[in-house]
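Have a look at the structure below before the remarks.
First the proteins, then the strands, lettered A, B, ... as listed; each starts at 1.
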Amino acid sequence: MAGKRKFELAWIGDKEETDFESIQISAEDLVACQGEIGDFKLICNKENQPEEINVANIIINLPYQEEPVLEKADSLFSDDYDINEDKPVIILQDYPELSAAVISQAGLEKALEIKDNYPDKEVYYLYQAMRFIEDNDRLYERARESEIIFLKFDLGQLKIIEEEIIHYNREDIDLKLNGNILAAPELKPAKETERIARIFNLADGYKEYLQLDNIYLQPTLSGKRGVYLLKGSRGPTALTYFEEELDFTLNEVSKNLAGVTEIDKYDREVDDQKCILCYTCYRVCPHGAIQRDDELNSMKVMDLACQGCNLCLSRCPTNAIQIEDDYLKIEGENEQDPILIICENSAEIAAEKYNSMVGKDPLESYQKIEVPCVSTVERGQIFEILSKYSSDIMILGCVSEACKHLTGHDRCQQVVERIKEDLEKLEIEQDRVHYERLSPRMAADLGAFLADWKEALKQ
Amino acid sequence: MTRIGVIGGGIAGSSVAVELADAGIEVLLFEKSGEIGGQIKEFGCKATDICTRCNLCLVDSVFNQVRRDKSIKTKNNHKVIDAYKEDGLFTLYCDTDKREEIYTNIDKIVLATGYRRWSELETGTPEIFDDKRIIWSGEFEEMLFKREDHLQKKDLDLDLDFEPESALFIQCNGSRSPQEKAAYCSRVCCGYNYRIARVLRESFPEMELGIFFIDIQEAGFLTDLSFQRLNDEGIDYYNCKPLRINKAAGKIEIAYEDQQEGKMAIAKTDLLVLSEGIHPGLENELWSKLFNLQLTDDGFLEEIVPGSESDVYLAGTISGPGDIATTISKSKAVANQIIYQEKEVVV
Ligand code: SF4
Ligand code: SF4
Ligand code: SF4
Ligand code: SF4
């Protein structure tokens, strides 16, 4: 390695002005990322000069790829567009689909710019819906006053006949427009997205972006602590609140620099004698918290990156990952009671809420296992419970895309389906195992549901 | 030891308090009502077969932490009525149920007193709301808060004393209209009502659904809301503002201009849901005077000097419309700014 340098922040892609000691790295040069928040090691290979760079935080900020929707039109984002002497200018905002809010702003600015520079020019503005961010409700008002001709269209009311002629047909207006078109490009995920996803071990994002479609990642989190996503790396609407997203991210970086503590109080140790380096844990960890320990020749859990879901433990084929917490403990007074496996992020909160509203604990007279994420449910565990107890098992997980550990809900669903298949083969009643999803806001539903279920079981 | 006074116990104030407490900073949280939680305390989950990203999942853990964390001292029933700053420290006067209470030695203030709904404003046309067929979207939220259909796989209980076979939503009601003193777009109602319409669609596949709007907005993180989606889901849309609401016997009639045909038309519905928008809070004027803040044309607050100089910070919808996720992330950003400054002082 050529050398080692340490920075507070690394920008992968575009850089923004900050007070942090930062370094800009191009996506093409990056080959690997190790370490965890506060102490990442980025391996770069610039012109065949390998270098290891130490950084505390990482922001991936790659631009969108812009794809033109009409071959001959100029881009709405370009400053270099044709103005033809005799022909009008046509701004096309939402073709073929509705554009993101930022494009309304860019379109209005462009229309006003043209009108200011060429006051006599006819400017048409074709759009499906005006989107409002920052001050563009004011821009819109100004554009209306400056005699820009706004033509709104619904599905099927606008056709591109030839490359430069637009047919607009709505109400009693039937227009064929021929002019210089400035069209909103289609925004696509940044280049290199797939390679970057692999380097950071991030799950497949939404529509090929890097960020997963999950409410817990808003606005710019990646699932991996200390790695943030902006613009064309984040998602299709990342420009709508770009200033706010940037501000949030930089303030997170400041907070991290002031000190990072572990999210989960338990340590997870990998027994290097048992680990067979199968990489299962590496693949399933939703938070990119597992790495190979080259010295011990086994895997290791990065304690600051770990968010405590226990998925790795439940999936390790050799039980190599150890924790001091008995996280599968069944709590309850009566062994006859049905068993609930509940997620602390949904059912547990809903139950508490129900209790505070109605004054009755909906989990009372159940045996329960509280888990950080229902994805930890596995076949062995369920079969053990089924053989030891006579009662039914109800697993309560989270609604899709509202799972704190990102992929938990689906993993649990798969496991439950497989268990049911096995039970069917073994000719054991497969309906002893149940799986339902809820959100922490479904307190009333949960209370009534559990009461009903108990009634049903009695009969 | 630094003390931060957070005024307002809704999601913005609570998010700030939790972040500060996590960093070991003492927080006094002043809430004027009897409990924390604010407007969204009784909003409901809008999941259908999938989560529609209403973001309410994020809020209860925040409120629970406020209740548990010992370094957050929550003062319920405390309405801040006056404040002054001396030697760099604030003193706050609060109206409580019983008497006036005074809190001194507060290093910084975070204002997070939120917004009002249209139904809370004194303007408008109250007479149309005697009609039980017309409800606010906020009332719908409360129905969803009590929903028992998801786990129990039943129909949604609408908590109305009739069974609507059709529902229409009117967007931009009370927003984007200078007459209502709100020339701006509230930015959240399009997304919220669309989510409600989807819940209805899932529960009542036969119900006729339609939305009147001027311009459909991006729905926060629900990125693929579009005309095509509405079409696909069988939700009619009327791309115009309605002209007249007629409370006819039987169905409510809404007169509008049919853009496709270029003539007047009438839409009929059993249930009419009005969007409410986000309007400036009552206290904004007082805060602007007490803490030297700019009141915008729309009635929201802006900083004149940055918080790092004035020691007064703004969090949440006090400075303009925003959805839950944006409110939480902006509030965290405010807290992190304060934390960073504190740590710098220590170093
Ligand atoms: S407990 Fe969860 S977050 Fe932690 S290392 Fe295991 S899988 Fe990753
Ligand atoms: S799953 Fe277990 S055996 Fe496989 S790599 Fe991880 S720790 Fe080692
Ligand atoms: S719709 Fe809202 S409350 Fe329901 S699961 Fe999604 S984010 Fe949570
Ligand atoms: S969000 Fe939609 S309904 Fe609300 S004011 Fe804006 S355009 Fe109107």
Set of salt bridge (charged side-chain N to carboxylate O under 4.0 Å, His left out) partners for [X], sequence neighbours left out:
X: Glu436(A); value: Lys153(B)
X: Asp49(B); value: none
X: Asp247(A); value: none

Structural part of Glu42(B) lying under 4.5 Å from a heavy atom of chain A: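 It is the backbone, since no side chain atom gets that close.
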
Glu257(B) versus chain A, the contacting section by heavy-atom distance below 4.5 Å: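 Contact with chain A: side chain only.
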
Side chain, backbone, both or neither: which part of [X] has an atom under 4.5 Å from a heavy atom of chain B?
X: Tyr354(A); result: neither
X: Ala350(A); result: neither
X: Glu244(A); result: side chain
X: Leu155(A); result: both
X: Tyr127(A); result: side chain

So, [X] side chain and [Y] main chain: donor-acceptor pair closer than 3.5 Å or not?
X: Arg131(A); Y: Ile216(B); result: yes
X: Gln337(B); Y: Asn251(A); result: no
X: Arg441(A); Y: Phe43(B); result: yes

So which of Met357(A), Lys404(A), Arg437(A), Lys353(A) has the biggest tally of heavy-atom pairs under 4.5 Å with chain B?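 That would be Lys353(A).
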
For chain B, which residues of residues 442-450 of chain A have heavy atoms nearer than 4.5 angstrom: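 Under the 4.5 Å heavy-atom cut-off, Met442(A), Ala444(A), Asp445(A), Leu446(A), Ala448(A), Phe449(A) qualify.
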
Return yes when atom CG of Asp174(A) has more than 12 non-hydrogen atoms of other residues, nucleotides or ligands closer than 6.0 Å, and no otherwise.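 Check passes, neighbour count above 12.
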
